[in-house]
Asker: 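Below are the structure tokens for one structure; questions will follow.
To find a chain, count down the sequence lines: A is the first, B the second, and so on, and within it residues start at 1.
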Amino acid sequence: MGKFSKYQFKNIESRWQKYWQDNKTFLAKDSSQEKFFGLVEFPYPSGEGLHAGHLRPFTALDVVCRYQRLQGKNVLFPMGMDAFGLPAENYAVKKNIPPQETTKKNIANYIRQLQSSGFSFDWSRFLSTTDPEYYRWTQWIFIKLWKKGLAYKAKENINWCISCQIGLANEEVVNGFCERCGGEVIKKEKEQWLLKITKYADRLIEGLDRVDFLEQIKIQQKNWIGRSEGAEIKFKVESKKSCSQGDRPVGGKVNNELSVFTTRPDTLFGATFMVLAPEHLIIHALEEKIENLSAVKKYIEASRQKSDLERSDTTREKTGVEIKGLKVVNPATGEEIPIFVADYVTTGYGTGAIMAVPAHDQRDWEFAKKYKLEIRPVIEGGDIEVEAYPAINGGVMINSGQFTGLTVADFKIKIIDWLQKNKIGKITTNYRLHDWIFSRQRYWGEPIPMVYCAKCAWQAVAESDLPVVLPNIKDFKPGSDGQSPLAKVEAWVNTKCPKCGGQAKRETDTMPNWAGSNWYFIRYTDPKNNKQLADPKKIKYWLPVDWYNGGNEHTTLHLLYSRFIFKFLYDIGVIPKEVGDEPYKKRTAQGMILGEGHVKMSKSRGNVVNPDDYIKKYGADALRLYIMFMGPFDQSIAWDDQGVVGAYRFVNKFWNLQAKLAKKSDTSSEIEQLLNQSIKKIGEDISQMHFNTAISQLMILTNAFDKESKIDQNIWSKLLILLSPFAPHLAEELWQLLGHQHSLAHESWPKYDENLVKKQLLTIAIQINGKVRDMIELQVDTEDSADLQKQILAREKVQKILAGSKVKKFIYVKNKIISIVF
RNA sequence: GCCGGCGUGGUGAAAUUGGUAGACACGCAGGACUUAAAAUCCUGUAGCCGCAAGGCUGUGUCGGUUCGAUUCCGACCGCCGGUACCA
């Protein structure tokens, strides 16, 4: 093969990147061949560019996808940008540069960085959520949701910064304070669009049984949805004062009843008081009957001023105020019991009212102790002087009228039966999951395609008028009343009602960041379609996604949201039946890359690792190898500059192996065996995301060949294929130097011979009383025999240790171990 | 608090269903090459004792099961991530 020079990674890497681009090496074909859809979460193009944290999942799935191509699959590995979002908008507010401009610049930089890392993306399918041709369909989905009654407007609490006078997204609230000014953040009521994800709660749980997600992901999603079975029970409200106008209706219901949700209807006899959340609407409605109204109002006002953080502090002492003049009747005992308002009860869960059973619930117990309320046990056991007794495992009923003496299980059936017969209560299911607030009072997002007409109320923009394009504006600052900056663009806001044609106004709120990422993977199957969201034939071929990898932080947000939207699209027929209603077959998650010293990477710490620096110094292949080798993929790990050096040495060592290349050379059986073992191990490791051990095996292989004097050309070809998913530039270059005209991306992964994988001669340890004392070489699969035992016992070392003692036990485990006990 | 993950050399880590703990790599030490340095190559590298052969200890802590435990069980300690006083 003649002389070769030092590996010039710089020229070689950029040459191959150009080759892949020019030769469309990684374009996915719409064919009938077996497909593989590998997906990574598309990034938000920030001004800082890519950092090492992005590279980890991208490299991992790039390795997987390159491996799948070598398995003969038609691979779709797409990339896009989730480019709407706050940083660009905040930057615009500060510097008065339109987000469109910064985004365009950032996207270009991201693409440059991604291409210099050698990822095998199909760039022809690139998309950005900010492209009107893309968000046209994001808006279209919203209209479909609205038409099916799954999008609605309601008053909701939003985060409100008192000093900036603007609404904040959750991610802008840091420990209860405004991220930018440090001011206090409170809750403020505002009309918001919501999506009825709760309607899909059961299906979101049930679908998890049909997919291959990491177990912890399933658990986290289930907990987040938080399904709990219980009963809703009505309590009659009694007041001392009779009111002249009679009871005013609240929310369509008569207000002389209060509903509570409980998972423990079996403790009904022990309910000695009731607690309402400060936000509970009935307090408003019954104001006239409340004797201590000012004290109650004062408490409500105080709790409103409290931040989320403060209110959720579980170690805080419970506070509350009795609502005097009102009582409720415990339907089981017929007794009148007091009502309190206390902020340990929230409106966000259940009905915003609880029946307090201090004997069996610790929170109620603490409250009862403080306010000297009756604590009445109804299930035997426990010591209510010390703490509440939850009695989760049942027991025997006490203090429960005619039911005393029954077991909890029997009583539960009877009481629910009784509640239902008398229309006092019913079995219900409650979810922790809330409907999803889907509007932001912000500029840099998809306009919500809705129009408000005084005559026709809310109407959707006609589908033929989509997209509703985000207008260019000069002033990006949110209005002082918390309105979207769009509200100031009168020419855009004023429009015609899609229904009656009269004067109407556009919705000025925009969609949250999640809107575009809900469905982007569907668009990858047909990114240029201007007639429909995507061609059903293409959806049918490519979906579901075979393997989706992303961050753990998205488990309960993006991952859940996108599953919901996918189910909806399935229901309305956008997703063909054959695909099913689960978008992702498999979901895995990478661990975080931390800065040196195990701290989070951040601009302020100055420890952000920019891949550009390393690609320049060591090359993309070395960087890729290091990122995959640094540790187990699913665990967080600290960056180590020194580690890249090791990968760089490996690249050069591998390059230098070509000096030993020979057209034909005899290969020792050891080498032959190592090669077969490696083919097997590397393939299996990639499939299981054990990239670190796969690379370790490549290193072992390289070290072994480094000791050989010659390498057979056939074997060399195999080595190059094994290397190629991890260090594609190097592998391609060496492949071409072998005389090949085309890329090795679509070659075949080498086959291994199972017989050659197995060792013929094994070194077996001989343990005596649990300690390794000797080694013996045995043929593989040597069976136990008296002869063998005799032979082992006769060994010099064994004899020395036994020193004539009688052997109590002789254990022989084939191919594993010999254990002698004396 | 609850849920999830983790704890192995100086460092990142490996170890198939319980079967030789520390593969692979970084770092370090010594050596070769060099006027010198870098790069590269070779040797060594868990700790303790020993010139060596060898021995003892060792996978967060304490127990248990077993011929044998990093792996299984029980209790505890520590770190990281998520989170909801959820009725």
Asker: Which listed nucleotide (B/U20, B/G27, B/A25) is nearest to the side chain of A/Phe629?
Answerer: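 Selected nucleotide: B/A25.
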Asker: Say you draw a straight line from CG of A/Leu698 to CD1 of A/Ile682; how long is it, rounded to the nearest 0.5 Å?
Answerer: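 That separation rounds to 4.0 Å.
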Asker: I need the CG-P distance between A/Asp364 and B/C86, as an integer number of Å.
Answerer: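 Nearest whole value for this atom pair: 10 Å.
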Asker: Pick base, sugar-phosphate or nothing for A/Gly646, based on heavy-atom distances below 4.0 Å to the nucleic acid.
Answerer: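 Result for A/Gly646 = sugar-phosphate.
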Asker: Give A/Thr556 one of three labels, base, sugar-phosphate or nothing, depending on what nucleic acid heavy atoms sit under 4.0 Å from its own.
Answerer: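 If one applies the 4.0 Å heavy-atom cut-off, A/Thr556 turns out to touch nothing in the nucleic acid.
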Asker: Tell me: CG of A/Leu214 to P of B/G81, nearest whole Å?
Answerer: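 Atom CG in A/Leu214 sits about 19 Å away from atom P in B/G81.
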Asker: Report yes or no: is the cationic atom of A/Lys318 (NZ for Lys, CZ for Arg) closer than 6.0 Å to the six-membered ring centre of A/Tyr344, at no more than 45° off its axis?
Answerer: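 Pair A/Lys318/A/Tyr344 counts as cation-pi.
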Asker: Tell me, which of residues 351-362 of chain A have any heavy atom that sits under 4.0 Å from an atom in RNA chain B?
Answerer: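 Output list: A/Ile354.
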Asker: Going through the distances and angles, do A/Glu41 and A/His558 end up as a side chain to side chain donor-acceptor pair (under 3.5 Å)?
Answerer: CA-CA 10 Å; A/Glu41 285 168 349; A/His558 161 68; 4.7 Å; no
Asker: Listing time: all N or O pairs from protein to nucleotides 65-68 of chain B that are below 3.5 Å?
Answerer:
residue : atom : partner  : partner atom : Å
B/C67   : OP1  : A/Lys809 : NZ           : 2.7
B/C67   : O2   : A/Ser819 : OG           : 2.5

Asker: Tell me the interatomic distance from A/Leu594, atom CG, to B/G12, atom P, rounded to whole angstroms.
Answerer: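 Distance, rounded to whole Å: 12 Å.
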Asker: Can you work out whether A/Gly631 or A/His434 has the more 5'-proximal nearest nucleotide on RNA chain B?
Answerer: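 It is A/Gly631, whose closest nucleotide lies nearer the 5' terminus.
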Asker: Once hydrogens and angles are ignored, does a donor-acceptor distance under 3.5 Å link the base of B/U40 to the side chain of A/Lys653?
Answerer: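 When only heavy-atom distances are counted, A/Lys653 does not reach the base of B/U40 through any donor-acceptor pair under 3.5 Å.
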Asker: Is the distance between the ring centroids of A/Tyr431 and A/Trp224 under 6.0 Å?
Answerer: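 No - the distance between ring centres of A/Tyr431 and A/Trp224 does not fall below the 6.0 Å cut-off.
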Asker: In whole Å, measure the gap between the P atoms of B/G44 and B/C26 for me.
Answerer: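 Taking atom P in both B/G44 and B/C26, they lie 16 Å apart.
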Asker: Where the side chain of A/Ile700 is concerned, which of B/A13, B/A21, B/A23 is the nearest nucleotide?
Answerer: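 Out of B/A13, B/A21, B/A23, the nucleotide with an atom closest to A/Ile700's side chain is B/A23.
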Asker: Under a 3.5 Å cut-off for both contacts, is B/C24 paired Watson-Crick or G-U wobble with anything, and if yes, with which nucleotide?
Answerer: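 Because both required distances fall under 3.5 Å, B/C24 counts as paired with B/G12.
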Asker: Got more than 12 heavy atoms from elsewhere within 6.0 Å of NZ, A/Lys710?
Answerer: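 Check fails, neighbour count at 12 or below.
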Asker: My understanding is that a pair needs two contacts under 3.5 Å, Watson-Crick or G-U wobble. By that rule, which nucleotide pairs with B/G1?
Answerer: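 Partner of B/G1: B/U83.
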Asker: Are A/Phe235 and A/Val329 packed together at the side-chain level, in the sense that at least one heavy-atom pair is separated by less than 4.5 angstrom?
Answerer: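 A side-chain contact is absent here, since even the closest heavy-atom pair is not under 4.5 Å.
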Asker: What interatomic distance, in whole Å, is found between C1' of B/C80 and the corresponding atom of B/G31?
Answerer: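 These two C1' atoms come out 43 Å apart once rounded.
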Asker: Once you round it to whole Å, what is the distance between P of B/G7 and CG of A/Asp634?
Answerer: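 A/Asp634 atom CG is separated from B/G7 atom P by 11 Å.
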Asker: Using a heavy-atom cut-off of under 4.0 Å over every strand shown, decide if A/Met592 touches base, sugar-phosphate, or nothing.
Answerer: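 Since no nucleic acid heavy atom lies under 4.0 Å of A/Met592, the category is nothing.
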Asker: State, with a plain yes or no, whether a side-chain heavy atom of A/Thr782 is found less than 4.5 Å away from one of A/Asn815.
Answerer: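 The answer is no, as the side chains (C-beta and beyond) never meet within the 4.5 Å cut-off.
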Asker: Partner of B/A32 by Watson-Crick or G-U wobble geometry, both contacts under 3.5 Å, or none?
Answerer: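 Checking every strand shown, B/A32 finds its partner in B/U40, with both distances under 3.5 Å.
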Asker: Out of B/U20, B/C86, B/U16, which has the shortest distance to the side chain of A/Val772?
Answerer: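 The answer is B/U20, which lies nearest to the side chain.
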Asker: When you measure from the side chain of A/Gln216, which nucleotide among B/U20, B/C86, B/G4 comes out closest?
Answerer: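 Output: B/G4.
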Asker: Counting only heavy atoms not in A/Lys426, do more than 12 sit closer than 6.0 Å to its NZ atom?
Answerer: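 No.
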Asker: With a 4.0 Å cut-off on heavy atoms, is A/Ile637 in touch with a base, just the backbone sugar-phosphate, or nothing at all?
Answerer: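 The residue A/Ile637 makes sugar-phosphate contact but no base contact.
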Asker: Does atom NZ of A/Lys758 have more than 12 heavy-atom neighbours from other groups under 6.0 Å away?
Answerer: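 Count not over threshold, so no.
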Asker: A/Phe269 vs A/Phe411 aromatic rings, parallel, tilted or perpendicular, using cut-offs 30° and 60°?
Answerer: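 Tilted, since the angle between the ring planes falls between 30° and 60°.
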Asker: What is the distance, rounded to the nearest whole Å, between atom NZ of A/Lys218 and atom P of B/G82?
Answerer: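 Distance, rounded to whole Å: 23 Å.
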Asker: Within less than 4.0 Å of OP1 or OP2 of B/G82, is there a side-chain N or O belonging to A/Gln220?
Answerer: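 Answer no for this pair, as no side-chain N or O of A/Gln220 is under 4.0 Å from OP1 or OP2.
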Asker: Which listed nucleotide (B/A14, B/A87, B/U17) is nearest to the side chain of A/Asn692?
Answerer: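 Selected nucleotide: B/A14.
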Asker: Which one is paired to B/G63, where only Watson-Crick or G-U wobble pairs with both distances under 3.5 angstrom count?
Answerer: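 Matched B/G63 with B/C73 under the 3.5 Å cut-off.
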Asker: Can you tell me the distance, in whole Å, between the NE2 atom of A/His554 and the C1' atom of B/G4?
Answerer: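 Atom NE2 in A/His554 sits about 18 Å away from atom C1' in B/G4.
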Asker: B/A25 phosphate, OP1 or OP2: any side-chain N/O from A/Asn703 under 4.0 angstrom?
Answerer: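 Answer yes for this pair, as a side-chain N or O of A/Asn703 is under 4.0 Å from OP1 or OP2.
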Asker: For atom P, what is the distance between B/G78 and B/A23, given to the nearest Å?
Answerer: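 32 Å, rounded to whole Å.
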Asker: P atom, B/A69 versus B/C62: distance in rounded Å?
Answerer: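 That atom pair is separated by 15 Å.
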Asker: Determine, stepwise, if the pair A/Ile766 / A/Val772 fulfils side-chain contact (heavy atoms from CB on, under 4.5 Å).
Answerer: CA-CA 6 Å; A/Ile766 300 172; A/Val772 177; over 6 Å; no
Asker: Would you call the rings of A/Tyr7 and A/Phe9 parallel, tilted or perpendicular, where under 30° means parallel and over 60° means perpendicular?
Answerer: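 Correct class here is tilted.
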Asker: Nearest whole angstrom, please: distance from the P of B/A25 to the CZ of A/Arg624.
Answerer: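 Taking atom P of B/A25 as the reference, CZ of A/Arg624 is at 21 Å.
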Asker: Determine the interatomic distance between P on B/C6 and the same-named atom on B/A87; round to the nearest Å.
Answerer: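 Going atom to atom, P in each nucleotide, I get 28 Å.
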Asker: Please check the phosphate of B/A39 (OP1 and OP2 only) for any side-chain N or O of A/Arg649 closer than 4.0 Å.
Answerer: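 No, because none of the side-chain N or O atoms of A/Arg649 sits under 4.0 Å from OP1 or OP2 of B/A39.
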Asker: From C-beta outward on A/Arg432, which listed nucleotide comes closest to its side chain: B/G27, B/C85, B/C86?
Answerer: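 My answer, after comparing the listed nucleotides, is B/C86.
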Asker: How far, in whole Å, is B/U71 from B/A38 if one measures between their C1' atoms?
Answerer: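 Straight-line distance between the two C1' atoms is 45 Å.
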Asker: Can you check the distance between B/A52 and B/G47, where both ends of the measurement are the P atom (answer in whole Å)?
Answerer: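 So the two P atoms sit 14 Å from each other.
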Asker: Pick the C1' atom in B/A32 and in B/A46, then give their distance to the nearest Å.
Answerer: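 Roughly 28 Å separates the two C1' atoms.
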Asker: So, A/Phe629 versus A/Phe726, ring centres under 6.0 angstrom or not?
Answerer: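 Aromatic pair excluded; centres sit 6.0 Å or further apart.
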Asker: Evaluate the side-chain proximity of A/Arg773 to A/Gln767: yes if any heavy-atom separation is below 4.5 Å, no if none is.
Answerer: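 They are not in contact (no side-chain heavy atoms under 4.5 Å apart), so the answer is no.
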Asker: Assess the pair A/Phe367 and A/Phe340: is the distance between their ring centroids shorter than 6.0 Å?
Answerer: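 Between A/Phe340 and A/Phe367, which both carry aromatic rings, the centre distance is below 6.0 Å.
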Asker: In this structure, is the centre-to-centre distance between the rings of A/Phe650 and A/Trp655 below 6.0 Å?
Answerer: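 Ring-ring flag for A/Trp655/A/Phe650: false, centres at least 6.0 Å apart.
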Asker: When you get a sec, tell me which of B/A14, B/G27, B/U20 is the closest nucleotide to the side chain of A/Pro632?
Answerer: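 When the side chain of A/Pro632 is considered, B/A14 is the closest of B/A14, B/G27, B/U20.
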Asker: Would B/G9 be called syn or anti, given that syn covers angles within 90° of 0?
Answerer: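 With its glycosidic angle within 90° of zero, B/G9 counts as syn.
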Asker: Distance check needed: B/A87 P versus A/Met274 CE, whole Å only.
Answerer: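 Atom-to-atom, A/Met274 to B/A87, this comes out as 17 Å.
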Asker: Base, backbone or nothing for each nucleotide of nucleotides 53-63 of chain B, written B, S, -, heavy atoms under 4.0 angstrom, 5' to 3'?
Answerer: --SSS------
Asker: With a 4.0 Å cut-off on heavy atoms, is A/Val345 in touch with a base, just the backbone sugar-phosphate, or nothing at all?
Answerer: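 If one applies the 4.0 Å heavy-atom cut-off, A/Val345 turns out to touch a base.
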